[in-house]
Structures are given as C-alpha cells and as structure tokens.
Amino acid sequence: MADKVAGRDLIGRNVVSDRGTIIGRLSDISVETTGGKVTMLIVKPGKEIDVKRFRLSDNGELLIPFKAVKAVKDVLIVNENGIPFS
Amino acid sequence: MVSKLTELAGKDVFTEEGERVGALKDITIDPLTGKVLAILIADVGKEFFKKLSLEDVRGLSIPFKGVRAISDVVILKNTIYNSRPVE
C-alpha cells in the first residue's frame, strides 16, 4: 500500500468487502478537521446491496467507519465485520 | 468539526496574519491509519510566492501540523514559511 494518497483520487473507487462483495462506489470521505483524521467513508451503494445492514446518511448513502478499511489500492477493501449493523 | 472532503475543497486558506494563501484543493491521507498528512493548496497568490522566495509554483503542500484551524476558512500557522512547493 502506498504510504500516502490524495483524498480526491480515492473518490469514485469501488468499495469491496473482504468477502468479495462489491458494496458500492466511494462518493466522499468525512474528515475530523481538528485532529486531522478520516472518520467515515461515504459510499454510493451498489444495486444489489441491502442498505439496511449499514448506517445511512441523510441522502441514503452508506457510512462505513474508516477503521473498517483493510486496504486501499485500485479498490478499497473493508472488513465486513467492522461494518455496523443499524 | 467533521466535514466532507468535497466541502473542504475550495475553502480559502489564510495565514495567521490574515493574508490569503490560496484555496484548499485536496488532502493527503495515510491509507493505513486515516491520518491527514497534509493539505494541498492551489491558486496560490503571486504575493505569497515572493514571501516564500519562490519563482512560481503550481501549488503548496502544507503538513497538517502547520494547520491552525479549519472551519469556514483554513488558517495556517506561521511555520508555513518553511514549506516546500508541490512539483
């Protein structure tokens, strides 16, 4: 994994679970600006995703805590066990 | 304060003295930890180049520890004067 990545380069990448499910496409990230930390991935859900399993934003996008992220390369791999069930 | 990256982008960036530096373009992140490493500033004013003793730069990369505050605008600490241009 690269040791640094530009935030806007990540937007549009696929978000995939570590069990191989395509969860959706990264539409934004939320940043805690005092400490300087990415807190959440904001993901536009794929068509076949059961959104009820996720925390949702006001406009129906999936909110996945950054600590669930296992890898960032061509896609973002997230640990399915780290995704909160609503 | 928690803010979306797309909302951070475009915010005006100033020094502690109130001088405009440019506009926030992007941030760089450590993909392992999610830590914000730096902010990237574009549209850097000509006057500001001179202060940094630079001829011309496309943008500036400011380490996150050089950022004093991010709210409606971004305020940089005076340590920015030790910063290096991007490219």
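Hydrogens, waters and symmetry mates play no part in the numbers below; they use all other heavy atoms, side chains included. In what follows, chains are A, B, ... by sequence order, proteins preceding strands, each numbered from 1.
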**Q** Okay, side chain of A/Thr33, backbone of B/Met1: is any donor-acceptor separation there less than 3.5 Å?
**A**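 The answer is yes, because a donor-acceptor pair under 3.5 Å joins these two groups.
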**Q** Check whether more than 12 heavy atoms from other residues, nucleotides or ligands sit under 6.0 Å from atom NZ of B/Lys35, and answer yes or no.
**A**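 Atom NZ in B/Lys35 is not crowded, with 12 or fewer foreign heavy atoms closer than 6.0 Å.
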**Q** Can you find a heavy atom in the side chain of A/Ser30 that is under 4.5 Å from one in the side chain of B/Val2?
**A**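 Touching, per the 4.5 Å side-chain cut-off.
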**Q** According to side-chain contact (heavy atoms from CB on, under 4.5 Å), who are the partners of A/Phe66, at least two apart in sequence or on a separate chain?
**A**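 By the side-chain contact (heavy atoms from CB on, under 4.5 Å) rule, A/Phe66 matches A/Val38, A/Leu41, A/Val69.
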**Q** What part of A/Leu76 gets within 4.5 angstrom of chain B, counting heavy atoms only: side chain, backbone, both, or neither?
**A**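 When you check distances to chain B, no heavy atom of A/Leu76 falls under 4.5 Å.
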**Q** Determine whether A/Ile29 and B/Leu37 fall in the same hydrophobic cluster, where Ile, Leu, Val, Met, Phe, Trp and Tyr are linked whenever their side-chain heavy atoms lie under 4.5 Å apart.
**A**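 In one cluster with A/Ile29: B/Leu37, no.
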**Q** Can you tell me which portion of B/Ile39 sits under 4.5 Å from chain A's heavy atoms? Options are side chain, backbone, both or neither.
**A**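 Neither part, no heavy atoms under 4.5 Å.
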**Q** If Ile, Leu, Val, Met, Phe, Trp and Tyr residues are connected whenever their side-chain heavy atoms lie under 4.5 Å apart, and connections chain through other members, are B/Ile62 and B/Ile75 in the same group?
**A**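 Different clusters.
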**Q** Determine the minimum heavy-atom distance between A/Ser27 and B/Thr6, stating which atoms define it.
**A**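 Answer, listing the atom of A/Ser27 first, then B/Thr6: O-CG2, 4.5 Å.
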**Q** Looking at chain B, which one of A/Asp9, A/Thr34, A/Val5, A/Leu10 has the largest number of heavy-atom pairs inside 4.5 Å, strictly under?
**A**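 Going by pairs under 4.5 Å, I would pick A/Val5.
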**Q** Please look at B/Ala9 and chain A and tell me whether the side chain, the backbone, both or neither of the residue comes under 4.5 angstrom of a heavy atom of that chain.
**A**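 It is the side chain, since no backbone atom gets that close.
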**Q** Is the CG atom of A/Asp74 crowded by more than 12 outside heavy atoms at less than 6.0 Å?
**A**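 For A/Asp74, atom CG is not crowded (no more than 12 foreign heavy atoms under 6.0 Å).
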**Q** Is there a chain of hydrophobic side chains (I, L, V, M, F, W, Y, each step under 4.5 Å between heavy atoms) that links B/Val44 to B/Val73?
**A**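 Result: no, two separate clusters.
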**Q** Check each atom of B/Ile70 against the heavy atoms of chain A and say whether the ones under 4.5 Å are side chain, backbone, both or neither.
**A**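 Looking at B/Ile70, backbone and side chain both touch chain A.
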**Q** Okay, side chain of A/Asp28, backbone of B/Leu5: is any donor-acceptor separation there less than 3.5 Å?
**A**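 Indeed, once roles are kept as given, a pair shorter than 3.5 Å links the two residues.
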**Q** Under a 3.5 Å distance rule, please check whether A/Arg8 uses its side chain to pair with a backbone N or O of B/Lys25 as donor and acceptor.
**A**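 Here the side-chain-to-backbone pair exists.
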**Q** Hydrophobic clusters join Ile, Leu, Val, Met, Phe, Trp and Tyr when side-chain heavy atoms are under 4.5 Å apart, directly or via other members; which others share one with A/Val16?
**A**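 Noted: A/Val16 shares its cluster with A/Ile22, A/Val75, A/Ile77.
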**Q** Does the side chain of B/Val36 come within less than 4.5 Å of A/Val31's, by heavy atoms?
**A**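 Sidechains of B/Val36 and A/Val31: in contact.
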**Q** Atom CG of residue position B/Asp72 - does it have more than 12 heavy atoms of other residues, nucleotides or ligands inside 6.0 Å?
**A**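 No, CG of B/Asp72 has 12 or fewer neighbouring heavy atoms, counting only those of other groups under 6.0 Å.
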**Q** Indicate if B/Leu40 and B/Phe14 have the same hydrophobic cluster label, given that clusters are the connected sets of ILVMFWY residues with side-chain heavy-atom separations under 4.5 angstrom.
**A**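 No; tracing contacts between hydrophobic side chains, which count when under 4.5 Å, never links both residues.
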**Q** Are A/Ile42 and B/Lys4 close enough that some pair of their side-chain heavy atoms sits under 4.5 Å apart?
**A**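 They are in contact (side-chain heavy atoms under 4.5 Å apart), so the answer is yes.
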**Q** Looking at every non-hydrogen atom in both residues, tell me the closest pair between B/Ile29 and A/Gly7 and how far apart they are.
**A**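 Closest heavy-atom pair between B/Ile29 and A/Gly7: CD1-CA, 3.8 Å.
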